[in-house]
There are 2 protein chains.
Amino acid sequence: MAITIKDIANKAGISAASVSRILTNRGRFSEATAQRVRQLAHEMGYYKNQSAADLSQKESRVIGVLVPTTHTNFADEIIKGMQAKAFELDYELLIAFVETDSQQQIKTVKSLLSRQLLAVVMLAIDIEDPVFEVLTKADVRLLSVSNQLNNVIPSISSDNYAMMHTIVDYLYNHGHRKMALIGASNPDPIVAVLRRKGFIDALLDHGITYNPEFIWGVDNDYQTGLDAIKKFGAPLPFTAAIGSADIISIGLLNGAKDAGIAVPQDLSIVTIDGTELTQLTRPILTAAQQNFAQMGELAIMALADHTLSPHTVTFTDITIKQGGTVANIN
Amino acid sequence: MAITIKDIANKAGISAASVSRILTNRGRFSEATAQRVRQLAHEMGYYKNQSAADLSQKESRVIGVLVPTTHTNFADEIIKGMQAKAFELDYELLIAFVETDSQQQIKTVKSLLSRQLLAVVMLAIDIEDPVFEVLTKADVRLLSVSNQLNNVIPSISSDNYAMMHTIVDYLYNHGHRKMALIGASNPDPIVAVLRRKGFIDALLDHGITYNPEFIWGVDNDYQTGLDAIKKFGAPLPFTAAIGSADIISIGLLNGAKDAGIAVPQDLSIVTIDGTELTQLTRPILTAAQQNFAQMGELAIMALADHTLSPHTVTFTDITIKQGGTVANIN
DNA sequence: TTGAAAGCGGTACCAA
DNA sequence: TTGGTACCGCTTTCAA
């Protein structure tokens, strides 16, 4: 049996209530006894039984985080941001990875919900995911990070629509007129919809009518990048491609290499995300870098503030981070 | 206030005890009432208060997992393995990321220890890490995964010593006589010690006296790989290099590319780990692939079995996964 | 098969 | 500043 507050109380010759007050730093007590109690707690190797504490308190300081295993890449960065702020503001993170297997997903989420949580932060969870329904039915505060959702759930993410303008402008200024968007053709996710719309509108702003064929690729993975090159073949019918995730862009890059297409001379690439992965390629990927750490920090702050309304949408910065995959073809 | 077992009991006109028995599937009850209760629980959106359950039970089914943020790469794969087995055997994982900042580390670990845990699984935590002391002092079962430790803590990992023989033999059979080991020079970690020793002994087995200069590089990161190439310069004094982690090997590969050294013609590379990262390079990295998923599964099984003695050391498979970074120079 | 009641370890209110 | 005490929600023993 582990050491309890009572054990300490006995040894110190005071009541459990006092020990509790001292160790939680709440209410009044004399510094003298406090010293003794803290010393004893340390000596006896006491660890608070958080379950008991949770049970007797109404407000929890635990924030659940749902991470799909398919997106662990940037999720890591968001989690780091959340960790830092959580540490600072004294919240605890309960991280749960969810697989694509929906049965397992639901079980995992249910066990999450069995803890009293302040809120659940969903990383890159979409309306179509089976867990989504479970979450909305349950009586928890929700927050979507990195993914804009409907206006029933507040979200923190990049402004995906505006981001596409930034990217298209950047490419346009480098002389590109024929551009492809790879990996955002999945019809459902709002993010994909926004990116497609942003892409099309941005092209129109420059008087370019978009070619529907150049919006291609459904899945958010490496293979999509490889396949895109295979599909269009050399010479490519466009001069620049926007990869909808770093891993897709790496696929594009390697696919181009395999097909003898030179990057950036024959193909310029801008990747969306800009995680550490982009540094590992040759050339280094030019990226529309999302500020994932900031998303994580804002998520914790928003939850701490209690100021989230269902339709709160918070946007974080995006910046073009120059690499070596965009050629100036003016 | 959330729905409790009592609410259900009231509505069903039975006692809380019965509801508990039914929902946990313990003890005896009639199938008829069980049906009603389950239905009611579902309708009312009931979620068990796990804190209360934990408090009243002695044995916990929660396994804490400590993941250093610096090693998230293969950690992901271990976690997936653990998740799968945990799901199967009905355990819950409580994942905590620990940063390099030791103050934060300790706080995180303490909050982990404040939950009643069945055990704590340490991924790639070393004896030198400040958390290690906290963990060993606390009254929890410990298990180290991916890292062999002393024989006070049981561990599940690859056989790092034998692995080096496999790699050296592989390179030897491809005609290599001058080999370097990059990124395993950190004096402390047992893994690094074993790899160095394995490397040296394996060379000796082939009658090769090792060159101390060729064991180089302390940190487990990308920069170490880049720096290694810079340090030795072109032409390299060895024909093959073993990268002590995928990210190091990618550094080697890119460093070589930057220096005009052709891989594998002028430099062969074998990487240790073989995570998904190895598939993203050109050429694809030849790897001594560790079976991380297996480590994760075994970890859960070992904890479930209760058969771990302090000096249990379990080894998982390693296999050479052929890529395109090793040339045959016979 | 079901119910009453004690208790898990803390917290917080109220009284001393 | 301290202590007594009634909970928090669930599990479990024992009795009905």
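Throughout, protein chains are lettered first and strands after them, A, B, ... in sequence-line order, and every chain is numbered starting at 1.
Rounded to a whole Å, the CD1 atom of Ile3(A) is 16 Å from the C1' atom of dG10(C). Rounded to an integer number of Å, the gap from CZ of Phe29(A) to C1' of dA12(C) is 15 Å. Summarising the geometry, the separation between CZ on Arg36(B) and P on dT1(C) is reported as 15 Å, rounded to the nearest angstrom. Atoms CG (Leu55(B)) and P (dT11(D)) sit 11 Å apart, rounded to a whole Å. Rounded to an integer number of Å, the gap from CG of Asn49(B) to P of dG9(C) is 16 Å. Spacing between atom CG of Asp54(A) and atom C1' of dG10(C) amounts to 10 Å, rounded to whole angstrom units. Asn10(A) has its CG atom 13 Å from the C1' atom of dG3(D), to the nearest Å. If you take CD of Gln116(B) and C1' of dC10(D), they are 13 Å apart, rounded to a whole angstrom.
Geometrically, Arg21(A) does not engage Phe29(A) in a cation-pi contact defined by less than 6.0 Å to the ring centre and at most 45° from the axis. Figure legend: cation-pi geometry between Lys107(A) and Phe87(B), with NZ or CZ positioned under 6.0 Å from the six-membered ring centre and within 45° of its axis.
At the phosphate of dG3(D), OP1 or OP2 sits under 4.0 Å from a side-chain N or O atom of Ser18(A). Residue Tyr47(A) places none of its side-chain N or O atoms closer than 4.0 Å to OP1 or OP2 of dG10(C). Between Ser51(B) and dC8(D) there is no side-chain polar atom (N or O) within less than 4.0 angstrom of OP1 or OP2. At the phosphate of dC10(D), neither OP1 nor OP2 sits under 4.0 Å from any side-chain N or O atom of Gln50(B). Distances shown here put a side-chain N or O of Ser20(B) below 4.0 Å from the OP1 or OP2 atom of dT11(D). Between Ser15(B) and dG3(C) there is a side-chain polar atom (N or O) within less than 4.0 angstrom of OP1 or OP2. One finds a side-chain N or O of Thr33(A) lying less than 4.0 angstrom from the OP1 or OP2 phosphate oxygen of dT2(D).
A salt bridge does not link Glu297(B) with Lys80(B): every distance from a Lys NZ or Arg NE/NH1/NH2 to an Asp or Glu carboxylate oxygen is 4.0 Å or more.
Taking every side-chain heavy atom of Thr24(B) into account, dT11(D) is the closest of dT11(D), dT2(D), dC8(C). For Arg26(A), whose side chain is taken as the heavy atoms from C-beta onward, the closest listed nucleotide among dG10(C), dT11(C), dT11(D) is dT11(C). Closest contact between the side chain of Gln57(B) and the listed nucleotides dA4(C), dT11(D), dG10(C) involves dT11(D). Comparing dG10(C), dG9(D), dT1(D) against the side chain of Arg28(A) picks out dT1(D) as the nearest. Taking only side-chain atoms of Ser30(B), from C-beta outward, the nucleotide of dT11(D), dT1(C), dC8(D) with the closest atom is dT1(C).
Gln148(A) and Ser155(A) are not linked by any side-chain donor-acceptor pair at a separation below 3.5 angstrom, with hydrogens and angles left out of the test.
Here the side chain of Asn147(A) pairs no donor or acceptor atom with the backbone of Ser144(A) at under 3.5 angstrom. Side-chain atoms of Gln50(B) never come within 3.5 Å of backbone atoms of Ser114(A) as a donor-acceptor pair (strictly under, hydrogens ignored).
Ala53(A) comes within 4.0 angstrom of the backbone, heavy atoms only, and of no base. If you check every strand for non-hydrogen atoms under 4.0 Å, Arg21(A) touches a base.
Ranked by how close their nearest DNA chain C nucleotide is to the 5' end, Ala17(B) and Ala52(B) are led by Ala17(B).
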